[in-house]
Structures are given as structure tokens and as C-alpha cells.
Amino acid sequence: MVHTPSLSFEIFPPNPAAGNEKILSALHDMQDLAPHFISVTASNNKFNIEETTVRLADYIHNDLGIPSIAHLPAIYLTKAQVSNILTALDQIGVHTILALRGDRIPNVAPKNDFRYATDLISFIKEEAPHFDIIGACYPECHPDSPNSISDIKHLKKKVDAGCSSLVTQLFFDNDVFYDFQEKCQLADIDVPIVAGIMPIINRNQALRLLHTCENIRLPRKFRAILDKYEHDPESLRAAGLAYAVDQIVDLVTQDVAGIHLYTMNNPQVANYIHHATYSLFKHSAV
Ligand code: FAD
């Protein structure tokens, strides 16, 4: 039987001061694309998760009828705060969580209830075992890890604590992903691994990315796009989208479990990728 992967989207809640008008309109456009699910990121320490992530997850799940997943970074949360968020998610019927540690923020002391994502996963499994839990993973090794062996060992513990699948950090070199999959197999990490893909569509986005994701390998073909179209935004956008489609086609032919598209809240990007790859994926019945 031919394996058909899923296509899902990630969005992030806007700064509450900016209002939700733009993101609701973007989500409305994305609804027509019938993604397998839409995940909503969560602020690590800046915004109230119930007022941002939970509210948008509610809209996606109950107003648009698309399965939604709430991200939950816990390093700056107490157990009581996480319990409240679980209750809020229960009430709106969203029962899938991407359980995260979250990045450490310089000069901000963590709450110490959740040192690692594994602590959060164990807590949710005890407190609310009916939740489905997804974990994050890093094909190019998490920057806090001394090496990939240590990273994979901790990933194995995280999955054993109760992850039903994993979603990767973005990457531009598919061979890095295939090597990572192999390492996971060797470590008996046998849950589906969904590939996180971010189409690069403008120079600022590329520069921000190069600054924040130092661990990510940029293949020659990808660097050439950034160099050649540095001052030509239209061509950079076209080439960036084509690069992402090329990555996705390769991953799908290698039987990837799914593609999670980092949409950056841009419905045109989601639309382009969706149309270019439509028949490769299964779609939700919206
Ligand atoms: P963990 O799994 O806890 O791992 C963090 C580091 O600790 C790794 O190096 C790991 O090897 C190591 N480690 C784990 N357990 C142990 C142990 N017992 N002893 C020693 N070392 C250990 N951030 C947000 O703030 N909001 C979001 O919405 C968000 N969404 C994300 C979605 C995806 C798909 C990904 C890949 C990342 C996302 N992030 C988000 C970023 C994430 O919070 C950071 O990358 C963070 O630094 C690590 O989170 P984690 O859950 O992967 O951490």
C-alpha cells in the first residue's frame, strides 16, 4: 500500500496589542486548504498562553472545524499554571499538546517545576492522561546538547515518557533529516517523525533565521538563492518557494510521516505549497 503523509501548518499568535484580525483572516484562507491539523505556538514568557494560544486553538478547532494542537513551553510555568492550561484546553476540546521545555531567557529565572520537556510530558501523563502528546526534535542536534549522542539519548527518554509523534526543527538539507531518522531507529525511537519545513520568502526572514538558528546547515543550492537574489525580492520569493516544494517532494518520495509547514502566518505561502503538492497528501474532511 502507498503511504500517504499528512500536511499540517504552524501559526503563531500575534502580539495581543496588535489584535487578532489579521491572523483570523489568514486562518480563514487556510481553512480551504484542509490541513491535517494546525498547531499554535506559545510564548515562552511574554504573553499569557490562555489568552493567546488557547484562544486561537479554540477558534481553529471549534469555529473552523480543523484539528488544532496547542504548543506548551513550560520552563517558565508552575505545575499549577500548567494544570490551568490543561483545564482550559479540556474545556474547548483540544486534546493534543506539543510539549516543550522552551528556550532559557538570559537573566530570567526558570520556575524549576519543569526542567526539561520530559518533566512536562510525565506531568501531563499523570494529570490528564487523555491528552495526546507530541515532542520536538532536532535533526541537527539541539544547541544545548554537547553532541548528537547525548541529544538522541534524551530524545529516547522523552518519547518513552509519552510522545506519540515528533516534529522536527526546520532544516534545509534533507540528508540531515534522513541521517537523523536512522539514528532514531538505532536508538529504538519508533514514533512517526514529521518534518518541519519553512519556505524562505524574503531576505529579512533569511537573515533572522541565520542569526537565530546557527546550528542549521545551509546547502550550496540554498546559499546560492540567498546570494543571487539578495536584492531581487520577487525572485527570492519564487526561488524560496520552489526550494521548499523540492524538499517536500523528496521527503514524500522517501515516505516521510508528514510535513509540518512553518507558515509564518502567511496564507499565500500555505496556499502555494498546498497547490504545488496537493495530490501527495491526505487531507482532513473540513
Ligand atoms: P528538551 O526536550 O527538554 O531538550 C532541551 C535540551 O536539553 C536538549 O539539548 C536535550 O538533549 C537536553 N536534555 C533533555 N533532557 C535532559 C536531561 N534529563 N538531562 C540533560 N539534558 C537533557 N518554543 C517556544 O517557546 N514556543 C513554541 O511554541 C515552540 N514551538 C516549537 C516547535 C517545534 C517543532 C520545535 C522544534 C521547537 C519549538 N520551540 C518553541 C523551541 C523550543 O522550545 C526550544 O528549542 C527549546 O530550547 C527546547 O525545547 P524542547 O522541548 O525540545 O527541550
Side-chain angles (χ1 to χ4, degrees), residues 6 8-15 37-50 52-54 56-57 68-77 81-82 85 89 94 96-106 108 110-124 133-172 176-177 180 183-184 187 189 191-198 209 212-216 257-265:
S6 57
S8 53
F9 301 154
E10 179 191 279
I11 58 129
F12 59 86
N15 183 329
F37 63 83
I38 297 180
S39 81
V40 187
T41 69
S43 162
N44 201 10
N45 191 35
K46 217 166 159 193
F47 305 127
N48 180 301
I49 292 181
E50 282 171 64
T52 54
T53 306
V54 175
L56 276 183
S68 80
I69 293 178
H71 294 211
L72 184 54
I75 188 171
Y76 293 105
L77 297 175
Q81 286 171 312
V82 168
I85 293 169
L89 288 171
V94 170
T96 310
I97 291 178
L98 179 48
L100 298 147
R101 182 196 73 180
D103 281 325
R104 294 198 182 97
I105 305 169
V108 183
K111 286 288 190 320
N112 291 329
D113 277 2
F114 305 102
R115 267 190 85 191
Y116 297 107
T118 306
D119 303 324
L120 173 66
I121 294 163
S122 305
F123 179 77
I124 299 172
I133 301 176
I134 300 172
C137 63
Y138 304 82
E140 302 184 61
C141 194
H142 186 274
D144 290 358
S145 284
N147 52 55
S148 62
I149 295 175
S150 155
D151 209 34
I152 293 275
K153 276 185 180 164
H154 291 129
L155 184 61
K156 167 73 176 151
K157 283 188 197 151
K158 178 153 89 174
V159 169
D160 287 349
C163 294
S164 63
S165 63
L166 295 168
V167 180
T168 73
Q169 186 182 41
L170 60 93
F171 58 89
F172 298 106
V176 166
F177 176 78
F180 174 71
K183 283 181 194 150
C184 286
I189 296 171
V191 294
I193 304 176
V194 172
I197 296 294
M198 182 186 277
L209 198 78
T212 50
C213 301
E214 285 163 9
N215 62 328
I216 294 185
I259 300 288
H260 195 48
L261 198 67
Y262 295 113
T263 68
M264 304 302 289
N265 293 359

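Values below: every heavy atom of this structure, side chains too, minus hydrogens, waters and symmetry copies. Read the numbers this way: they start at 1 and go in the same order the structure lists the ligands and their atoms.
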(request) May I ask whether Gly196 places a heavy atom under 4.0 Å from ligand 1? (result) no
(message) Using side-chain heavy atoms (C-beta onward) and a distance below 4.5 Å, is Leu209 in contact with Phe172?
(response) yes
(message) If we count only N and O atoms by modelled type, under 3.5 Å, do the side chains of Ser145 and His154 hold a donor and an acceptor together?
(response) no
(message) With nothing but distance in play, are any N or O atoms of Thr41 less than 3.5 Å from an N or O of ligand 1?
(response) no
(message) Considering both backbone and side-chain atoms of Glu10, is one of its nitrogen or oxygen atoms within less than 3.5 Å of a nitrogen or oxygen in ligand 1?
(response) no
(request) Not counting sequence neighbours, which residues clear side chain to side chain donor-acceptor pair (under 3.5 Å) with Lys156? List them please. (result) Asp160
(request) May I ask whether Leu98 places a heavy atom under 4.0 Å from ligand 1? (result) yes
(message) Tell me whether Tyr262 reaches ligand 1 (any heavy atom closer than 4.0 angstrom to a ligand atom).
(response) yes
(message) Yes or no: does Phe12 have any heavy atom under 4.0 Å from an atom of ligand 1?
(response) no
(request) Name the orientation class of the two ring planes belonging to Phe123 and Phe114 (parallel below 30°, tilted from 30 to 60°, perpendicular beyond 60°). (result) perpendicular
(message) Regarding ligand 1, does Lys158 bring an N or O atom to under 3.5 Å of one of the ligand's N or O atoms?
(response) yes
(message) List the residues meeting side-chain contact (heavy atoms from CB on, under 4.5 Å) with Cys184, not counting sequence neighbours, and say none if there are none.
(response) Ile152, Leu155, Phe180, Ile189, Ile193
(request) Compute the shortest N/O to N/O distance between Arg101 and ligand 1 and return yes if it is under 3.5 Å, no if not. (result) yes
